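See below for the structure under consideration.
No experiment lies behind these values; they were computed from the predicted model shown.
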Amino acid sequence: MGCLLFFATSAQAEPAALALLPPRIESTTQSAEQVPSRGTSVLGVAASDPQGSPLTFTWTTTEGTLAPPVHGATASEVTWTAPDCLPPDSAPVKVAVTNAHGLTSEVAFTFNVGGDLSVDYQPPFAGSQFSHMNGVTVSQNGTLRLALPPRPLNAERIAFEDNVSLSVQLVRKSADASHTLGWMYHDDLVARGYVGANDELLDTNGNGIADLHEDLYNLAPPSGPQARPYIGVTPRCPRTFVSGGFTYSSPALATNAGCQATFRRQPLTDPRPGQGQSVYAVDVVGQWEPDTNMNGYSDWGRYPRIPNLLEPALPDNDFKGLGNLVVLLTDDDENSTTYNQMGAVPDARLTPPDGIPDYDVSAYTQQGVRRPTNPDPGFSPSDRRIRLGDIPRHREIVFFLVAYYESKHTPADAGITFPCLKKAPDGRCSLFLQTPVSVFFSKSSWNLDLDTRGTSPAAEFHQGCVYRTTCDRQNPYGGGACVLPGTTRRLCGWLEEPAHAMLYRPEYGAITLPGVHFVVPASSNGAMPHLALASPASYPNRWLMGWEDLNGGGDRDFANAVFELRAEPSGVVFSASLDALPRDLDPRCFVSRVRVAKSDAFGPRCSDMSHPYTSYSISPDCQRCTDGVCLPNASPTFIPAPLGAGTSESVLDVSAVRGQSLCWQAWLGTADYLCQPEISNVDIGYELTRLP
């Protein structure tokens with residue numbers, strides 16, 4: 001609305017007796033007080049003169065532009081085009097009404113210029129409106145949904161095209177041994193000097209043992225040209241032995257609490273394929289006899305029976321650890337013992353198998369370090385899923401399984417062998433290791449033990465078939481085998497019925513394994529593969545890891561410790577800069593407030609463990625524009641929008657950023673791909689301002 005500002009008298013005043021009066025403003029009109037940048041408002045004024053003299057109208061503006069006015073005898077109208085922005089409650093336009101006696105009255109028009117919080121400047125969703133979409137797609141209904149393409153994984157290279165949040169769930173343990181599951185970043189191993197080109201393990205001190213294996217068991221001598229830094233604080237058993245002309249340190253993880261000498265030369269069966277009847281004299285270091293003393297088979301780390309190198313970096317290992325310990329104990333049974341009491345943590349639970357490990361999972365961090373305060377003391381369903389954390393895109397990880405079990409060498413009868421530390425030029429093992437602490441890697445060529453069978457593939461199964469003990473894996477044409485669909489070939493199943501039943505539970509995604517040919521490839525160097533990694537195509541972002549825990553392969557069931565690896569589906573969309581803001585915006589203008597309204601919902605198949613979420617944020621400096629040329633801002637300032645579930649709205653003060661280009665982003669995620677968030681609408685309104 002216009003407002004009367006003042007009266008002006010003429011230079012030659014009439015005699016006081018005549019009492020001349022200035023024009024009277026009868027009314028004003030204003031088509032819009034809230035005007036977008038470069039928008040228009042039609043202004044009008046009606047006036048009268050107390051003396052009845054003719055009136056003249058003069059329009060002026062300090063900001064924006066005026067079209068030619070249209071005058072009448074007692075009224076005038078003009079169209080004003082706004083600038084890009086104004087300080088709040090500015091009054092840039094005035095009209096002066098003057099009578100024939102030179103007396104004038106003025107009225108000013110107040111505006112708020114630059115956007116409108118109530119207007120929705122975000123058009124309906126289309127792919128072209130987004131500068132980046134990672135894991136999100138525009139559905140046929142015009143909504144934003146998580147895109148869940150299948151992501152098959154190869155055990156030899158576990159890496160992801162996008163950032164992922166990983167977790168594992170124990171499906172089933174079927175073994176006398178106890179185990180610990182962990183992982184490392186591949187590039188950390190490269191940086192430490194363990195791995196060279198093509199993933200080969202390096203032997204930088206030239207003593208015939210790969211440095212990775214040498215440091216797992218601290219075999220390097222304490223001095224001399226083959227010395228390597230000790231992985232830990234103090235050696236528990238400072239003995240040495242000589243094999244093949246090289247001096248080595250006695251491995252504490254293969255020595256009981258008494259630390260007596262364990263190196264010897266003895267006749268052993270050659271574990272190489274086809275050599276089951278060949279016996280030769282060979283060097284062996286280490287031993288196995290039950291020893292429940294905590295110092296037995298220990299390298300004095302945070303966890304006595306986990307190699308220091310595989311622990312997180314801690315004072316206990318002189319900060320030389322590279323591992324993350326995900327599942328400290330795979331026991332999930334009705335007893336309260338670990339194998340020979342060698343588990344990383346005690347078995348503290350006596351319930352039947354239910355997928356929850358028999359230790360208080362929440363008491364430990366994602367790296368496997370005990371927390372100062374347990375957020376969820378005791379055993380609860382939340383202990384079922386154990387998070388690895390966020391894994392960056394393309395950063396490869398390597399899983400390992402530490403198995404605690406008796407050490408035997410019966411390759412001809414049972415396909416079980418001692419791990420081989422060093423090979424002779426003819427391929428025979430020249431130094432065996434006997435230890436109840438075995439380490440198996442997801443990369444088969446890194447494993448210490450030889451594949452006693454040497455077949456290709458190392459194992460094969462009917463994935464969807466339930467394994468029955470009546471089925472002979474080497475001759476599956478007897479009882480208990482299943483026919484592969486579309487063929488006449490019969491194969492034994494992979495997992496036993498309890499594992500199938502566990503996978504079908506809602507917590508695991510109600511997985512039914514497909515009836516497909518499932519193969520465990522042989523390694524490239526004669527080592528035994530120990531991880532079977534399945535990627536059921538109908539269950540995106542979920543993989544099954546089945547471990548074989550016997551050196552040499554044993555029965556090759558690859559089901560001694562089975563886990564579900566899950567990438568918690570998540571995605572993000574970044575909108576392009578909203579077209580409502582001109583590229584050649586007045587440099588004095590900036591976005592001051594933003595209204596964000598949204599409507600989203602979660603799928604019908606959600607449970608208490610699904611944890612779906614959406615989050616939104618706004619950036620007022622998505623681009624940097626100069627002379628009408630705009631370039632993306634490499635580090636825009638995103639301000640979170642506090643929005644509740646469903647339909648909600650929030651107004652944000654973003655004036656501190658002084659930005660001139662508006663965009664938004666939304667994050668979608670869920671712990672269960674059956675329960676997906678979906679965004680049906682986002683409204684964006686804004687205001688521009690400038691300093692007075």
Side-chain angles (χ1 to χ4, degrees), residues 32-39 63 82-90 110-125 129-134 136 144 572-600 613-668 679 681-692:
E33 185 175 356
Q34 181 74 43
V35 184
S37 298
R38 306 178 191 182
E63 300 279 356
D84 286 339
C85 67
L86 286 174
D89 299 318
S90 296
T110 301
F111 294 93
N112 289 313
V113 174
D116 188 339
L117 286 179
S118 65
V119 174
D120 178 16
Y121 293 101
Q122 170 61 49
F125 298 144
Q129 298 167 8
F130 299 98
S131 62
H132 180 64
M133 302 181 77
N134 185 353
V136 177
L144 295 176
V572 62
V573 291
F574 295 84
S575 78
S577 182
L578 296 183
D579 292 336
L581 282 161
R583 290 176 173 267
D584 56 344
L585 192 66
D586 187 324
R588 298 172 297 173
C589 300
F590 57 88
V591 181
S592 56
R593 292 199 301 164
V594 179
R595 179 186 60 85
V596 185
K598 60 88 178 178
S599 180
D600 55 29
Y613 66 87
T614 56
S615 64
Y616 303 81
S617 55
I618 292 292
S619 174
D621 61 350
C622 307
Q623 295 180 329
R624 299 195 183 280
C625 301
T626 304
D627 298 328
V629 177
C630 297
L631 298 174
N633 182 0
S635 55
T637 305
F638 277 101
I639 300 171
L643 297 170
T647 301
S648 60
E649 182 175 290
S650 179
V651 176
L652 307 178
D653 183 347
V654 299
S655 57
V657 180
R658 305 288 175 86
Q660 294 187 304
S661 175
L662 191 64
C663 63
W664 57 274
Q665 70 178 7
W667 290 87
L668 301 82
I679 301 173
N681 189 46
V682 171
D683 287 353
I684 304 291
Y686 71 90
E687 289 180 346
L688 293 174
T689 191
R690 75 178 191 224
L691 297 176

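- Contact record, Pro36 with Val113: O-CG1, 4.2 Å, taken as the closest heavy-atom pair.
- Taking SG from Cys85 and CD from Glu687, the interatomic distance works out to 11.5 Å, rounded to the nearest 0.5 Å.
- Residues Asp621 and Thr637 have side chains that bring a donor and an acceptor to within less than 3.5 angstrom of each other.
- Shown here for Cys622 and Leu662, the closest heavy-atom pair between the two residues is SG-C, 3.6 Å.
- Checking each of Met133, Gln129, His132 against Val573 for a side-chain contact (heavy atoms from CB on, under 4.5 Å) leaves exactly one that passes, namely Met133.
- Closest approach of Arg690 to Arg588, counting heavy atoms only: CB-O, 3.0 Å.
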| task | Quick one: do Val629 and Arg583 satisfy side chain to side chain contact (heavy atoms under 4.5 Å, CB included)? Show the steps, please. | result | CA-CA 7 Å; Val629 177; Arg583 290 176 173 267; over 6 Å; no
| field | Evaluation steps, side chain to side chain contact (heavy atoms under 4.5 Å, CB included), between Leu86 and Asn112 | value | CA-CA 7 Å; Leu86 286 174; Asn112 289 313; over 6 Å; no
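- Inter-residue side-chain proximity for Lys598 and Ser648 is flagged as met; some heavy-atom pair is nearer than 4.5 Å.
- Taking OG of Ser617 as the start and CD of Gln665 as the end, the distance is 3.5 Å to the nearest 0.5 Å.
- Between Val682 and Trp664, the closest side-chain pair of non-hydrogen atoms falls below 4.5 Å.
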| request: Walk me through it: do Leu581 and Val591 pass the test side chain to side chain contact (heavy atoms under 4.5 Å, CB included)? | output: CA-CA 10 Å; Leu581 282 161; Val591 181; 4.2 Å; yes
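- Between Gln623 and Cys630, the shortest heavy-atom contact is OE1-CB, 3.5 Å.
- In this structure, the side chain of Asp683 does not engage the main chain of Ala597 through any donor-acceptor pair within 3.5 Å.
- To the nearest 0.5 angstrom, Leu631 atom CG is 8.0 Å from Cys625 atom SG.
- Residues Pro642 and Pro640 come closest through the heavy atom pair CD-O, 3.6 Å.
- The minimum heavy-atom distance linking Pro87 with Thr689 is given by the pair CA-OG1, 4.1 Å.
- Counting heavy atoms from C-beta outward, Val651 and Leu117 have side chains that approach closer than 4.5 Å.
- There is no side-chain donor-acceptor pair under 3.5 Å between Tyr613 and Asp600.
- Counting heavy atoms from C-beta outward, Ser655 and Val657 have side chains that stay 4.5 Å or more apart.
- Within the 4.5 Å cutoff, no side-chain heavy atoms of Phe638 are placed close to those of Ile618.
- Using a cut-off of 4.0 Å between Lys/Arg side-chain N and Asp/Glu carboxylate O, Asp586 and Arg38 are scored as not salt-bridged.
- The shortest distance between side-chain heavy atoms of Asp116 and Gln34 falls below 4.5 Å.
- Taking the six-membered ring wherever Trp is involved, the centroid distance between the rings of Phe130 and Phe574 does not fall below 6.0 Å.
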| Between Asp89 and Phe111, does a side chain to side chain contact (heavy atoms under 4.5 Å, CB included) hold up when you go through it step by step? | CA-CA 6 Å; Asp89 299 318; Phe111 294 93; over 6 Å; no
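- Within the 4.5 Å cutoff, the side chain of Ser650 has heavy atoms near those of the Leu652 side chain.
- Using a 4.5 Å cut-off on side-chain heavy atoms (C-beta onward), Leu578 and Ile684 make contact.
- Judged by distance alone, with hydrogens and angles left aside, the side-chain atoms of Asp653 form no donor-acceptor pair with the main-chain N or O of Arg593 at under 3.5 Å.
- Side-chain contact of Ser661 with Ser577: a donor-acceptor pair under 3.5 Å is present, judged by distance alone.
- Between the side chains of Asp84 and Ser37, no donor-acceptor pair is found at a separation under 3.5 Å.
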